[in-house]
Peer 1: 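One structure, pasted below without further comment.
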Amino acid sequence: MPAAQHPDQTRTYYVTTPIYYVNDRPHIGHCYTTLLGDLAARLARLAGRDVFFLTGTDEHAEKVVSSAAAHGVTPIQWADRNAAAFQEAFRFFDFGFDDFIRTTQRRHIEKVEAYIRRLQASGAIYEGDYEGWWDESQEEYLTETTAREADFKSPVSKKPLVRRRERNYFFRLSAFEDRLLAHMEANPGFIQPEARRNEVIGRIRQGLQDVPVSRAAEPGSTPWGILMPDDPGHRVYVWIDALFNYLSTIDTPERRGYWPPAVHLLGKDILWFHAVIWPCMLMALDEPLPRAIYAHSWWIREGQKMSKSLGNFLDFPTLRGYAEAYSLDALRWFLITQGPLGATDADFAHARFIETYNADLANGVGNAASRVANMIDKYFDGACPDPKGITNHAGHDWPAIAGGAVNASKSAFESLELAAAVEAGVALSRRVDGYINATEPFKIAKDPARKDELAVILYHCAEAIRIAALILSPAMPTKMADLLGRLGAPDLSAARLDRDGQWGGLRPGVKVVKGEALFPRADAEAPPPEPIAGED
RNA sequence: GGCGAUGUAGCUCAGUCUGGUUAGAGCGAGGGAUUCAUAAACCCUAGGUCGGCGGUUCGAGUCCGCCCAUCGCCA
């Protein structure tokens with residue numbers, strides 16, 4: 001394999017979200033996964049990596065055709081409209097993705113056809129017969145489990161399912177079982193979190209069967225989807241089509257170096273496709289495997305599952321309401337730090353939002369920044385004091401403390417603990433609070449003879465806040481840019497943690513601005529914010 | 001039905017693999033002291049049968065068995 005396809009994996013960082021089903025409207029599920037992608041991308045950039053962050057939409061589902069017809073538009077018009085809604089929501093969240101792939105784009109379709117041909121040529125895709133439970137009313141096959149749970153009747157029409165057989169193309173998944181298991185054994189971080197890994201391994205051990213990768217195209221039906229090469233009677237299954245997006249988007253001369261992905265982020269519902277079928281297809285294509293596949297769990301709302309029947313989905317207008325009321329970065333912070341990164345679901349409860357906001361942001365970072373800036377304003381006329389080279393005071397070795405926070409953030413990021421990577425910043429700001437309480441600069445200020453000591457203390461405080469802001473910036477880019485600006489630090493766009501996170505970056509003499517409260521304290525008694533609908 | 005997990009302070013969880021002083025953290029709550037700060041930070045307090053029952057052991061949240069509850073996956 002050419003050297004170009006073995007990039008220095010400590011240099012590049014390719015992160016993906018799933019591509020979202022274009023019939024959906026953006027809700028917390030899509031926004032959360034994409035926020036994690038944005039966070040990982042920003043953390044990677046801060047670590048100095050060359051980052052590529054991909055999201056997009058999955059558009060070739062049969063139901064797109066019927067939904068479009070119901071709305072009196074063509075499928076592509078319908079897809080255009082809904083894809084735009086995702087892009088609008090993602091722009092609102094300030095997600096810095098580098099590309100937005102749509103599976104109806106020619107660049108994707110052509111690549112998928114080529115991948116299928118490669119798989120056919122190698123024998124990994126072959127023709128066979130598929131037999132399964134067919135729901136005539138819905139014109140779809142049901143899985144064995146779904147069919148059994150529905151008592152072998154259509155869940156919709158209640159008419160009995162029929163056993164049906166059709167010619168199909170299959171992917172030889174069974175042939176990769178041993179290799180995949182070996183890979184998972186050798187790479188414990190391949191599937192995360194661990195509970196999900198165990199789940200997948202347990203299921204693989206029950207044996208892998210070949211999977212159909214195509215469906216017969218009904219003659220005369222609307223052309224929608226990717227046709228099997230040299231066989232216009234079959235279309236590539238949408239989920240196979242969709243999985244290829246991760247490769248097709250990057251499969252150009254300029255972007256090839258980003259492969260393989262550092263991490264595929266996804267929800268636990270689509271773990272099997274990503275953890276088993278996708279890696280096996282990549283093995284069949286002789287492509288390097290992604291370094292990690294991370295499946296998060298679900299948000300629930302006020303203790304209840306979100307469902308259509310309850311009508312309690314946390315949709316984009318609701319999220320926008322929170323962003324308007326408490327700031328976008330506060331919403332990002334809540335979702336990142338309280339979200340279902342692990343194997344258990346997380347609760348989006350209003351009271352919990354307020355608690356987190358006040359504890360971490362208003363009473364935490366915001367208040368610490370405020371008290372420091374206020375004292376510098378009051379005792380040094382707003383000019384950053386000069387510690388005159390002193391870094392260790394009253395038992396506080398600040399370069400070590402700040403360096404510890406930076407390292408904690410780095411290692412959390414490397415092990416994909418995305419929330420912990422930014423929470424290290426809050427921990428550092430708490431050290432500043434403790435230091436102020438221990439040294440009581442506001443008392444020292446009353447004694448003019450102790451001005452030098454006061455300067456040392458307040459410099460340490462300001463410098464630690466600056467580094468905390470840097471660590472926090474991937475989660476809260478806007479607010480932390482504001483905070484860093486108040487400390488006379490340059491903008492974040494080119495910031496590097498290992499360089500700018502060094503102790504001593506803050507220049508004595510720069511103007512320190514007190515400003516308005518970064519995160520005004522939230523009233524726990526106030527009702528939840530009203531949803532804000534978009535312009536469309 | 002099959003496979004797997006979880007159940008520890010009001011909430012979210014760590015600790016269980018390698019059994020051993022008064023079972024921990026953060027948040028919330030109550031009290032105190034203080035004032036540089038966003039009635040914030042700080043200090044003290046919470047007396048939780050470590051889901052239940054039984055077993056092994058000098059000794060179990062930590063090992064074994066059974067039971068109860070909740071949850072995940074089953075292409």
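Any value given below was found using the heavy atoms of this structure, including those in side chains, with hydrogens, waters and symmetry copies removed. So you know, we letter chains A, B, ... as the sequences are listed, proteins then strands, and number each from 1. Just so you know, these numbers come straight off a predicted model, no measurement behind them.
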Peer 1: Does A:Tyr379 reach a base, just sugar-phosphate, or nothing at all? Heavy atoms under 4.0 Å.
Peer 2: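 A:Tyr379: backbone/sugar contact only, no base atoms under 4.0 Å.
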
Peer 1: Between B:U38, B:A37, B:A75, which nucleotide has the shortest distance from any of its atoms to the side chain of A:Ala517?
Peer 2: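 Of the options given, the side chain of A:Ala517 lies nearest B:U38.
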
Peer 1: Rounded to whole Å, how long is the line connecting atom CE of A:Met375 with atom P of B:A40?
Peer 2: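 It works out to 18 Å between those atoms.
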
Peer 1: Please determine, for the side chain of A:Asp433, which listed nucleotide (B:A41, B:C36, B:C73) has the closest atom?
Peer 2: B:A41

Peer 1: Quick check: any donor-acceptor pair below 3.5 Å linking the side-chain of A:Asn367 to the base of B:A37?
Peer 2: yes

Peer 1: Taking atom types as modelled, find out whether A:Tyr246 and A:His274 have a side-chain donor-acceptor pair closer than 3.5 angstrom.
Peer 2: yes

Peer 1: Output the single nucleotide from B:C73, B:U35, B:U12 whose closest atom is nearest the side chain of A:Arg352.
Peer 2: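 Of all the options, the side chain of A:Arg352 is nearest to B:U12.
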
Peer 1: Taking atom P of B:U35 as reference, at what distance in whole Å does atom NZ of A:Lys378 sit?
Peer 2: 12 Å

Peer 1: Taking only N and O in the side chain of A:Arg430, is any of them less than 4.0 Å away from OP1 or OP2 of B:A41?
Peer 2: no

Peer 1: Counting only side-chain heavy atoms from C-beta out, which of B:A37, B:G28, B:G72 sits nearest to A:Arg196?
Peer 2: B:G72

Peer 1: Are A:Lys268 and A:Asp345 close enough that some pair of their side-chain heavy atoms sits under 4.5 Å apart?
Peer 2: yes

Peer 1: Should B:G1 form a Watson-Crick or G-U wobble pair with both distances under 3.5 Å, which nucleotide is its partner?
Peer 2: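 Base-paired to B:C74.
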
Peer 1: Rounded to the nearest 0.5 Å, how far apart are CG of A:Leu289 and NE2 of A:His264?
Peer 2: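 With rounding to 0.5 Å, CG (A:Leu289) is 9.0 Å from NE2 (A:His264).
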
Peer 1: Does A:Trp133 have A:Arg163 sitting over its ring (NZ/CZ under 6.0 Å from centre, angle to axis within 45°)?
Peer 2: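 The answer is yes; both the distance and angle limits are met.
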
Peer 1: When the C1' atoms of B:G30 and B:A14 are considered, how many whole Å apart are they?
Peer 2: 25 Å

Peer 1: Could you tell me whether A:Gly366 contacts a base, only the sugar-phosphate backbone, or nothing, with contacts defined as non-hydrogen atoms closer than 4.0 Å?
Peer 2: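 Base contact.
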
Peer 1: Taking OP1 and OP2 of B:C36, is either one under 4.0 Å from a side-chain nitrogen or oxygen of A:Thr439?
Peer 2: no

Peer 1: So what does A:Arg205 hit on the nucleic acid, given a heavy-atom distance under 4.0 Å: a base, only sugar-phosphate, or nothing?
Peer 2: nothing

Peer 1: If I pick the P atom on B:G48 and the same atom on B:C11, what distance separates them, to the nearest angstrom?
Peer 2: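 Going atom to atom, P in each nucleotide, I get 14 Å.
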
Peer 1: Nearest to the A:Lys443 side chain among B:C42, B:G28, B:U35, which nucleotide is it?
Peer 2: B:U35

Peer 1: Using the P atom on both, measure B:C50 against B:U8 and round to a whole Å.
Peer 2: 11 Å

Peer 1: Provide the distance between the two C1' atoms, one in B:G24 and one in B:G15, to the nearest whole Å.
Peer 2: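 After rounding to an integer number of Å, I get 7 Å for this pair.
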
Peer 1: Categorize A:Ala195 for me: base, sugar-phosphate, or nothing, with a 4.0 angstrom heavy-atom threshold over every strand shown.
Peer 2: nothing

Peer 1: Mind checking the C1' distance from B:C68 to B:C53? Whole angstroms is fine.
Peer 2: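 Taking atom C1' in both B:C68 and B:C53, they lie 10 Å apart.
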
Peer 1: Give the rounded distance in Å between these two atoms: CZ of A:Arg371 and P of B:U38.
Peer 2: 11 Å

Peer 1: Considering heavy-atom distances to RNA chain B, does A:Glu440 or A:Phe519 have its closest nucleotide positioned more toward the 5' end?
Peer 2: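 The residue mapped nearer the 5' terminus is A:Glu440.
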
Peer 1: Rounded to whole Å, how long is the line connecting atom CZ of A:Phe348 with atom P of B:C11?
Peer 2: 21 Å

Peer 1: Can you find a side chain N or O atom of A:Asn374 that sits less than 4.0 Å from OP1 or OP2 on B:A37?
Peer 2: yes

Peer 1: Taking the minimum atom-to-atom distance to the side chain of A:Lys446, which one of B:C27, B:C36, B:G72 wins?
Peer 2: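 Shortest atom-to-atom distance from the side chain points to B:C36.
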
Peer 1: Heavy-atom count check: over 12 atoms from other residues, nucleotides or ligands less than 6.0 Å from A:Glu302 CD?
Peer 2: yes

Peer 1: For A:Gly207, answer base if it contacts any base atom (sugar-phosphate contacts may also be present), sugar-phosphate if it contacts only those atoms, and nothing otherwise; contact means non-hydrogen atoms under 4.0 Å.
Peer 2: base

Peer 1: May I ask you to check whether A:Phe334 and A:Tyr322 place their ring centers less than 6.0 Å from one another?
Peer 2: no

Peer 1: Using the C1' atom as the reference point in each nucleotide, state the distance between B:U45 and B:U6 in Å, no decimals.
Peer 2: 31 Å

Peer 1: Mind checking if A:Pro520 touches a base, just sugar-phosphate, or nothing, with heavy atoms under 4.0 Å?
Peer 2: base

Peer 1: Could you let me know what B:A29 is paired to, Watson-Crick or G-U wobble, both distances under 3.5 Å, or none if it's on its own?
Peer 2: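 B:A29 is paired, partner B:U45.
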
Peer 1: Can you tell me how far C1' of B:C71 sits from CG of A:Asp269, to the nearest Å?
Peer 2: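 So the two atoms are 16 Å apart, to the nearest Å.
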
Peer 1: Determine whether the side chains of A:His396 and A:Arg431 contain a donor N or O and an acceptor N or O closer than 3.5 Å.
Peer 2: no

Peer 1: State the pairing partner of B:C66; accept Watson-Crick or G-U wobble contacts with both distances under 3.5 Å, and report none otherwise.
Peer 2: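 Paired with B:C66, as far as the under-3.5 Å criterion goes, is B:G52.
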
Peer 1: Scan A:Leu271 against the nucleic acid and name what it touches under 4.0 Å (heavy atoms): base, sugar-phosphate only, or nothing.
Peer 2: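 A:Leu271: no heavy atom of the nucleic acid under 4.0 Å.
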
Peer 1: Across the strands shown, which category fits A:Gln209 at heavy-atom distances under 4.0 angstrom: base, sugar-phosphate, nothing?
Peer 2: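 The residue A:Gln209 makes base contact.
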
Peer 1: Could you check how far CD1 of A:Ile201 sits from P of B:G72, rounded to whole Å?
Peer 2: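 Atom CD1 in A:Ile201 sits about 21 Å away from atom P in B:G72.
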
Peer 1: Are any non-hydrogen side-chain atoms of A:Ile293 and A:Gln192 less than 4.5 angstrom apart?
Peer 2: no

Peer 1: Expressed in whole Å, how much space separates the C1' atoms belonging to B:U12 and B:G54?
Peer 2: 32 Å

Peer 1: Write down the partner of B:C36 under the Watson-Crick or G-U wobble criteria, each distance required to be under 3.5 Å.
Peer 2: none

Peer 1: Let me know, please, whether A:Ala359 or A:Asn198 comes out on the 5' side of the other along RNA chain B by nearest nucleotide.
Peer 2: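 Looking at the nearest nucleotide for each, A:Asn198 comes out on the 5' side.
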
Peer 1: When rounded to the nearest Å, what value does the distance between P atoms of B:G55 and B:G61 take?
Peer 2: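 One P to the other, the span is 15 Å.
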
Peer 1: Of the candidate nucleotides B:U38, B:G72, B:G28, which contains the atom at the shortest distance from the side chain of A:Ala362?
Peer 2: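 Comparing B:U38, B:G72, B:G28 against the side chain of A:Ala362, the answer is B:U38.
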
Peer 1: Could you tell me whether A:Thr344 contacts a base, only the sugar-phosphate backbone, or nothing, with contacts defined as non-hydrogen atoms closer than 4.0 Å?
Peer 2: sugar-phosphate

Peer 1: Distance check needed: B:C74 P versus A:Glu199 CD, whole Å only.
Peer 2: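 Between P of B:C74 and CD of A:Glu199: 8 Å.
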
Peer 1: What nucleotide among B:U12, B:U38, B:G28 has an atom nearest to a side-chain atom of A:Lys514?
Peer 2: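 Taking heavy atoms from C-beta onward, the closest nucleotide is B:U38.
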
Peer 1: Base, sugar-phosphate alone, or nothing: which one does A:Leu518 contact when heavy atoms must sit under 4.0 Å apart?
Peer 2: base

Peer 1: Between B:C27, B:A75, B:A37, which one does the side chain of A:Glu355 approach most closely?
Peer 2: B:C27

Peer 1: Does a donor on one side chain and an acceptor on the other come within less than 3.5 Å for A:His460 and A:Tyr435?
Peer 2: yes

Peer 1: To the nearest Å, give me how far apart CD1 (A:Ile270) and P (B:C74) are.
Peer 2: 13 Å

